[in-house]
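Here is the structure we will look at.
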Amino acid sequence: MDKKTEEFYIRLREELNNTSTWPGEYLYKFIVPTDPKKIEEVENAFDNMGAVIKTKQSKTGKYTSLSVNVTMQSPGDVVEKYIEVSNIEGIISL
């Protein structure tokens, strides 16, 4: 992980710690190329967590957005999940 990305996650963790109560609901938003395998990889990352996942395909059908609403235990857990899914090829986190 490069220094800029590491600094982003440190700031995110601090911001979440200061603005939210934990455990609490967190909404992840991702965009992936429309490929059933990529969508499944994101869904599998949240398997057995009680996540509510909504998908929506772009107008052209080239990309799919995923909104994942899930209860997380701490800001650190939120960041760890972002790092985990960042390994999925072509994923964009919003």
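- Remark: D2 engages T5 in a side chain to side chain donor-acceptor pair (under 3.5 Å) (not counting sequence neighbours).
- Side-chain contact check for V32 versus T34: every heavy-atom pair is 4.5 Å or farther apart.
- Residues passing the side chain to side chain donor-acceptor pair (under 3.5 Å) test with T55, sequence neighbours excluded: none.
- Every pair passing ring-ring contact (aromatic ring centres under 6.0 Å, His included) that includes a residue from residues 35-75 is listed here, sequence neighbours excluded: Y28-F46.
- Legend: residues meeting side chain to side chain donor-acceptor pair (under 3.5 Å) with E84, ordered by chain and number and at least two apart, are K81.
- Through direct or indirect side-chain contacts shorter than 4.5 Å among Ile, Leu, Val, Met, Phe, Trp and Tyr, L27 is connected to no other residue.
- Evaluation of the salt bridge (charged side-chain N to carboxylate O under 4.0 Å, His left out) rule for K37 yields no partner, not counting sequence neighbours.
- By the 4.5 Å heavy-atom criterion applied to side chains, L94 and F30 are not counted as neighbours.
- Identified under the salt bridge (Lys or Arg N to Asp or Glu O under 4.0 Å) test for residues 56-67, with sequence neighbours left out: none.
- Looking only at side-chain heavy atoms (C-beta outward), V42 and I91 come within less than 4.5 Å of each other.
- Considering OG of S93 and NZ of K29, their distance stands at 12.5 Å, rounded to 0.5 Å.
- Counting heavy atoms from C-beta on, the side chains of T64 and I31 never come closer than 4.5 Å.
- By the side chain to side chain donor-acceptor pair (under 3.5 Å) test, S86 is found to be paired with no residue, residues two or more places apart in sequence or in another chain being considered.
- Residue pairs satisfying the side-chain hydrogen bond (donor to acceptor under 3.5 Å, both in side chains) criterion with at least one member in residues 11-22, sequence neighbours excluded, are absent.
- Going from atom CG of L66 over to atom CD1 of I39 covers 6.0 Å, rounded to the nearest 0.5 Å.
- With sequence neighbours left out, the side chain to side chain contact (heavy atoms under 4.5 Å, CB included) criterion links E80 to D77.
- Other members of the cluster containing I10 do not exist, because no ILVMFWY side chain is joined to it at under 4.5 Å.
- Remark: E89 CD to E41 CD distance equals 9.0 Å, nearest 0.5 Å.
- Linking Ile, Leu, Val, Met, Phe, Trp and Tyr residues whenever their side-chain heavy atoms come within less than 4.5 Å leaves M49 and V52 in two separate clusters.
- A heavy-atom distance below 4.5 Å is found between the side chains of N69 and E25.
- Using a 4.5 Å heavy-atom threshold, the side chains of Y82 and F8 count as separate.
- Every residue was checked against the side chain to side chain contact (heavy atoms under 4.5 Å, CB included) condition with P33, not counting sequence neighbours, and none meets it.
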